[in-house]
Amino acid sequence: MPTPESAGHLALVRDHTIYSCVMGSRAFGLATEDSDTDRRGVFVAPTALQWRFDKPPTHVEGPAEEQFSWELERFCELALRANPSVLECLHSPLVERADATGRELLALRPAFLSRQVHQTFVRYAAGQRRKLDADVRLHGAPRWKHAMHLLRLLMSCRDLLRTGELVLDVGGERERLLAVRRGEVPWPSVEAWMARLAGEADEAGARSPLPPGPDRRAVEDFLFRVRRESALQAGPYDEVVQGLVGGRGGGVG
C-alpha cells in the first residue's frame, strides 16, 4: 500500500507531467515480441513546493510499471551534463505527451547537445563494458542483451558526433544487433566491433559539428520562466504565492 508521501509523488507525475515518451527497445527499433514498454517523462513540481524545507522529489518511479520520471530541473541538469539516458529520452521518436511547456523543452534539444557527449557516452560505455567483461570471466559469456545495447550506444555516439543529430532508431543495423542479442555472434567478433565503433567515435569527436559545450543560458532562461509561471498560478500548495510573487506580500522578518 503506498504511503501518503509516495502517493503525493505519484500525483506530481499524474497531474504535472509536461513530456512523456516510450524508451528502450521500442524506441531503438529493437523490439521483439517479449519486449517491455519502458516509459520516461518529465514533470514540473509546482514552484510553491520548492519553497518548503521538504523539497519535491527529483525523480519518481511509477505509477505504471517500467515508468520513470524526472522533475524538470533535475532533467535539465542531467541533460546539460550530456547524460546518455536523459539525452536519448529527449530524442525518443515515440512521444506520448507534450504540452506547451513540453514542446518548449523539445525545441531546446539542440541547446543540450555538445562535444561533451563524447566523454559522457564513452565513459558510460566503458562502465558497461567492464560489466560485460566480468560476466565473461565468471560465466564464460556476456549478457548478450547488454552487449547489443552497448553496441547501439556506441553507434549512436559516433553518429551524433558526425552529424550533430541524435537518432535513436538503429535502422538497417537491427538484424545484425538482434543476432548479437541471440548470442549468434562470437564474443571476440563483438569485442572487435565495439573497439571499431569506439575508434570511429574518437575520430568523429575531433571534427564534430557540435559546439564545445551546451547552451546553459538558454536552458536556464527556460527553467526560470517555467518556475515563474508556476508561481503565478493559483493552486492548493501555498495561499500566499501570488502575493509574494506579485510584490504584495510582507517583508521577511
Side-chain angles (χ1 to χ4, degrees), residues 21-31 38 40 70 75-95 105-133 136 142-181 185-219:
C21 65
V22 173
M23 284 298 300
S25 294
R26 299 190 184 280
F28 303 141
L30 292 168
D38 299 322
R40 299 292 180 265
W70 293 270
F75 184 87
C76 290
E77 179 185 11
L78 292 172
L80 286 169
R81 295 179 187 174
N83 178 284
S85 298
V86 170
L87 288 181
E88 288 184 337
C89 172
L90 201 54
H91 290 78
S92 172
L94 304 176
V95 175
L105 177 62
L106 290 175
L108 273 174
R109 283 182 293 196
F112 294 106
L113 296 179
S114 72
R115 292 178 206 163
Q116 289 182 13
V117 300
H118 184 207
Q119 180 182 6
T120 56
F121 275 55
V122 171
R123 184 170 63 235
Y124 179 81
Q128 296 303 304
R129 176 59 191 273
R130 286 192 293 271
K131 294 178 182 178
L132 292 173
D133 289 339
V136 173
R143 285 173 286 184
W144 293 110
K145 180 179 178 180
H146 293 189
M148 175 192 72
H149 281 297
L150 178 50
L151 287 166
R152 181 208 61 77
L153 181 72
L154 289 169
M155 288 179 187
S156 180
C157 176
R158 177 200 61 192
D159 294 344
L160 170 57
L161 289 167
R162 283 177 174 175
T163 67
E165 297 182 3
L166 182 54
V167 178
L168 270 58
D169 194 293
V170 299
E173 296 286 359
R174 170 183 164 85
E175 294 306 320
R176 192 179 178 197
L177 288 167
L178 289 178
V180 172
R181 178 176 177 171
V185 183
W187 175 239
S189 298
V190 174
E191 286 186 298
W193 191 2
M194 289 177 179
R196 184 168 64 254
L197 288 170
E200 290 171 353
D202 289 344
E203 292 176 5
R207 52 179 182 271
S208 176
L210 291 171
D215 189 347
R216 185 182 179 90
R217 177 62 181 271
V219 176

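Model, not experiment: these values are computed from the prediction.
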Peer 1: Just do the side chain to side chain contact (heavy atoms under 4.5 Å, CB included) check on R81 and Q119 with the steps written out, would you?
Peer 2: CA-CA 10 Å; R81 295 179 187 174; Q119 180 182 6; over 6 Å; no

Peer 1: Nearest 0.5 Å, please: how far is CG in L154 from CD in Q128?
Peer 2: 10.5 Å

Peer 1: So does L210 get a backbone contact from the side chain of R115, meaning a donor-acceptor N/O pair under 3.5 Å?
Peer 2: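 Yes, because the side chain of R115 sits within donor-acceptor range (under 3.5 Å) of the backbone of L210.
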
Peer 1: Considering all heavy atoms of both residues, which atom of C157 and which atom of V117 are nearest to each other, and what is their separation?
Peer 2: SG-O, 4.3 Å

Peer 1: For residues C21 and C89, report the shortest heavy-atom separation together with the two atoms involved.
Peer 2: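 Taking every non-hydrogen atom into account, SG-O, 3.6 Å.
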
Peer 1: Answer whether the closest heavy-atom distance between the side chains of V170 and R176 falls below 4.5 Å.
Peer 2: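 No, their side chains stay 4.5 Å or more apart.
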
Peer 1: Quick one: does any side-chain atom of R174 pair with a main-chain N or O of A31 as donor and acceptor, under 3.5 Å?
Peer 2: yes

Peer 1: When you compare the side chain of L132 with that of H146, does any pair of heavy atoms fall below 4.5 Å?
Peer 2: yes

Peer 1: Is there a side-chain contact between M23 and L168 (heavy atoms, below 4.5 Å)?
Peer 2: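 M23 reaches L168 side chain to side chain.
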
Peer 1: Roughly how far, to the nearest 0.5 Å, is CE of M194 from CH2 of W187?
Peer 2: 4.5 Å

Peer 1: Report yes if some heavy atom in the side chain of W193 is under 4.5 Å from a heavy atom in the side chain of M155; otherwise report no.
Peer 2: yes

Peer 1: Please examine the side chains of F75 and N83, heavy atoms only from C-beta on, and report whether any two atoms are closer than 4.5 Å.
Peer 2: no

Peer 1: Between V219 and L80, is a side chain to side chain contact (heavy atoms under 4.5 Å, CB included) present by the stated rule, with each step listed?
Peer 2: CA-CA 8 Å; V219 176; L80 286 169; 3.9 Å; yes

Peer 1: Measure across F112 and P214 and return the closest heavy-atom pair with its distance rounded to 0.1 Å.
Peer 2: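 The pair with the smallest heavy-atom distance is O-CB, 4.0 Å.
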
Peer 1: How many angstroms lie between atom CD of E165 and atom CG of L113, to the nearest 0.5 angstrom?
Peer 2: 9.5 Å

Peer 1: At what distance, to the nearest 0.5 angstrom, does CD of E203 lie from CG of L161?
Peer 2: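 If we round to the nearest 0.5 Å, E203:CD and L161:CG are 11.5 Å apart.
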
Peer 1: Quick check: do K131 and R143 have side-chain heavy atoms less than 4.5 Å from each other?
Peer 2: yes

Peer 1: Taking atom CZ of R109 as the centre, does the number of heavy atoms from other residues, nucleotides or ligands within less than 6.0 Å exceed 12?
Peer 2: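 Enclosed.
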
Peer 1: Taking only residues two or more places apart in sequence or in another chain, which ones pass salt bridge (Lys or Arg N to Asp or Glu O under 4.0 Å) with R123?
Peer 2: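 In terms of salt bridge (Lys or Arg N to Asp or Glu O under 4.0 Å), with neighbours along the sequence ignored, R123 is linked to no residue.
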
Peer 1: If every non-hydrogen atom of V22 is compared with every non-hydrogen atom of S92, which pair is closest and at what distance?
Peer 2: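 So the minimum-distance heavy-atom pair works out to O-OG, 2.7 Å.
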
Peer 1: Looking at CG of D169 and CZ of R152, how far apart are the two atoms once the value is rounded to the nearest 0.5 Å?
Peer 2: 10.5 Å

Peer 1: Rounded at 0.5 Å granularity, tell me how far NE2 in H149 sits from CZ in R181.
Peer 2: 6.0 Å

Peer 1: For the residue pair H118 and D202, establish whether any side-chain heavy-atom pair is separated by less than 4.5 Å.
Peer 2: yes

Peer 1: Can you give me the closest heavy-atom contact between L94 and R26, atom names plus distance?
Peer 2: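 Smallest interatomic distance, heavy atoms only, reads CD1-O, 3.6 Å.
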
Peer 1: For the residue pair L166 and S156, what are the closest heavy atoms and their distance?
Peer 2: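 Taking every non-hydrogen atom into account, CD1-OG, 3.1 Å.
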
